[in-house]
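Data first, discussion second: the structure below is written as structure tokens.
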Number of protein chains: 2
Amino acid sequence: MNMPAFEQGRMKPVLVTPAALGVVDSMPISNFVDGQSVYSCGETAGQVYRVEFGAVRVYRVLANGRRQILDFHLSGNWFGLQNEDIRRSSAEAIGATAIRSISLRGARYVWQGLVPVVLENYSSAQEHQLVIGRQSAVERVAAFLLEMSNRAGCACKFDLFMPRIDIADYLGLTIETVSRALTKLKNGNIIRLRGTRGVEIVNYKALQKLCL
Amino acid sequence: MNMPAFEQGRMKPVLVTPAALGVVDSMPISNFVDGQSVYSCGETAGQVYRVEFGAVRVYRVLANGRRQILDFHLSGNWFGLQNEDIRRSSAEAIGATAIRSISLRGARYVWQGLVPVVLENYSSAQEHQLVIGRQSAVERVAAFLLEMSNRAGCACKFDLFMPRIDIADYLGLTIETVSRALTKLKNGNIIRLRGTRGVEIVNYKALQKLCL
DNA sequence: CGTCTTCTTGAACCCTATCAAAGCACGTGG
DNA sequence: CCACGTGCTTTGATAGGGTTCAAGAAGACG
């Protein structure tokens, strides 16, 4: 089932990103305010996007109003990639955000470079399935904090850029449960909370251990 | 944010599948018995796979033994697509299964054709996030039955090809809860159960309504 | 036809959601 | 600079849904 090492390398021909193709950096950047829609469920999908700065939440809403945030996208992340013509999710800016949009006009060439991007998004979606499918509230919040820490460059001190409700809808919990989990982690001297958004990881290993 | 219709069509240059590239059909097919491993977590990833007949479950296991099935793959479905060198999930045959494996030797060309496949898998992963993140037990089972019905060609009468434990681990529930949900749907005259695996959807609309 | 596995059913418990209210943070205007 | 108001967060009490543990029933298979 295994392969020689020289073949493993071929897994990533994909380091040829669209940027490397030289077509992306010339694409237009738009600015969004907090909560502003980038695209909405039901719209036709004609572009893919890259966050230049700020953040984006991609989510879906059930008929009864329950919302599930599928992913957060930070500076450098691509989103809006899909095969179907119609958007089945919505995307909104979190805070002041700049987004580069790429039309799929020269589709074949653009998609080719986006393969690693799609694979990465796919991978993180699967990771998240595990978290919301098989972990308890505290474990989910712990996993979330580690994820945010990693995305902040593995800093042990960072700011959450989204409100509690977004964390809850990302983790499949309620804001109250998220708050209680954070309090529990704080009381266990695993994290420290600074104001509403600030987080400091005091006991990194304990946090990792919680994610099993 | 919308685009003219003629550009929409460009979203799918991707109908050029590997099969169309003429390299896939010549790839070797292996046979697997029920429960046999296709690849395991921790192995190096050198191939992608396509189910020829039978079925495959892709799953991850937490340190404490809790398992989450990420996806089921049926005849014609591709799996094992990832960017990283190391497998973070495991794949097993469900029942007697034939699988075609494609080395990523001619990687660039293969990946190019696989873009729609990856996008499809990504899309179904997101769909599933919604189910396990924001739906109740009965709603999850209802969604699962509809999914299986669709994959069986929208038949209202079909066989589940996996045991209850797989359904449970796919939906983030226990087997008992899955069983109770099925009983509830049966008692509500929404479905009929034939033996252990057989399912007949009696009230299709009611089932859809449950998924909201 | 018997045995083993899988599935279903039951009862008790636990975790998380829900409902309600108080505490903060921040911005506005006096 | 402080009072006030608004929105978000935390904390509390209760209830509901799902898990867990424990049998029992139904299939599958030799």
Side-chain angles (χ1 to χ4, degrees), chain A residues 33-35 57 62 64-69 94-96 131-145 159-188 191-199 210 212, chain B residues 33-35 57 62 64-69 94-96 131-145 159-188 191-199 210 212:
Chain A
V33 299
D34 185 49
R57 60 176 163 251
L62 290 168
N64 55 12
R66 284 174 291 186
R67 182 180 73 153
Q68 176 67 43
I69 291 183
I94 306 175
V131 173
I132 60 182
R134 285 294 179 218
Q135 300 204 267
S136 71
V138 176
E139 290 167 347
R140 294 184 207 197
V141 171
F144 175 75
L145 292 177
D159 274 345
L160 300 172
F161 48 84
M162 74 290 280
R164 295 285 187 273
I165 183 67
D166 281 3
I167 301 177
D169 285 348
Y170 180 58
L171 297 177
L173 300 169
T174 60
I175 44 174
E176 294 95 329
T177 302
V178 170
S179 181
R180 276 185 252 268
L182 285 170
T183 302
K184 204 169 284 184
L185 292 173
K186 187 185 70 181
N187 292 340
I191 63 169
R192 208 168 290 165
L193 299 174
R194 308 225 166 184
T196 312
R197 301 265 172 113
V199 176
L210 275 175
L212 286 172
Chain B
V33 299
D34 184 50
R57 58 176 164 252
L62 290 169
N64 55 13
R66 284 175 290 185
R67 182 180 73 154
Q68 176 67 43
I69 292 184
I94 306 176
V131 173
I132 59 182
R134 285 294 179 216
Q135 300 203 267
S136 72
V138 176
E139 290 167 348
R140 293 184 208 198
V141 171
F144 175 75
L145 292 176
D159 274 345
L160 300 172
F161 49 84
M162 74 290 280
R164 295 285 187 271
I165 184 67
D166 281 3
I167 302 176
D169 285 348
Y170 179 60
L171 297 177
L173 300 169
T174 60
I175 44 174
E176 293 95 330
T177 303
V178 170
S179 181
R180 276 184 254 268
L182 285 170
T183 302
K184 204 169 284 182
L185 292 173
K186 187 184 70 181
N187 292 340
I191 63 169
R192 208 169 291 166
L193 299 175
R194 308 224 166 183
T196 313
R197 301 268 172 110
V199 176
L210 275 174
L212 283 173

Practice problem: For B:Tyr170 and B:Ile69, work out which heavy atoms get closest and say how close. | Solution: CD1-O, 3.4 Å
Exercise. Find the distance between CG (B:Leu171) and CD (B:Gln68) and round it off to the nearest 0.5 Å.
Key: 8.5 Å
Quiz item: When the C1' atoms of the five terminal pairs at each end define the local axes, what inter-axis angle does the helix from C:dC1-D:dG30 to C:dG30-D:dC1 show, to 10 degrees?
Solution: 40°
Self-check item: Footprint string (nucleotides 9-22 of chain C, 5' to 3'): B base within contact, S backbone only, - free, heavy atoms under 4.0 Å
Solution: BBB----SSBB---
Quiz item: Just how far is it from atom CG of B:Leu185 to atom CD1 of B:Ile191, taken to the nearest 0.5 Å?
Solution: 4.5 Å
Self-check item: Value rounded to 0.5 Å, distance of CG in A:Leu193 from OG1 in A:Thr183
Solution: 7.0 Å
Quiz item: Out of B:Arg67, B:Arg66, B:Arg164, which residue meets the side-chain hydrogen bond (donor to acceptor under 3.5 Å, both in side chains) rule with B:Asp169?
Solution: B:Arg67
Quiz item: Do B:Leu160 and B:Asp166 come close enough that some side-chain heavy atom pair is under 4.5 Å?
Solution: no
Practice problem: Enter the distance from A:Leu173:CG to A:Arg140:CZ here, rounded to the nearest 0.5 Å. | Solution: 5.0 Å
Quiz item: Can a salt bridge be assigned to the pair B:Arg194 and B:Asp159 using a cut-off of 4.0 Å between side-chain N and carboxylate O?
Solution: no
Quiz item: Could you give the start and end, 5' to 3', of the contact zone on DNA chain D for chain B, using atoms under 4.0 Å from its heavy atoms?
Solution: D:dG18 to D:dG27
Exercise. Specify the closest pair of heavy atoms between A:Ile175 and A:Ala168, including all atoms of both residues, with the distance to one decimal.
Key: N-CB, 3.6 Å
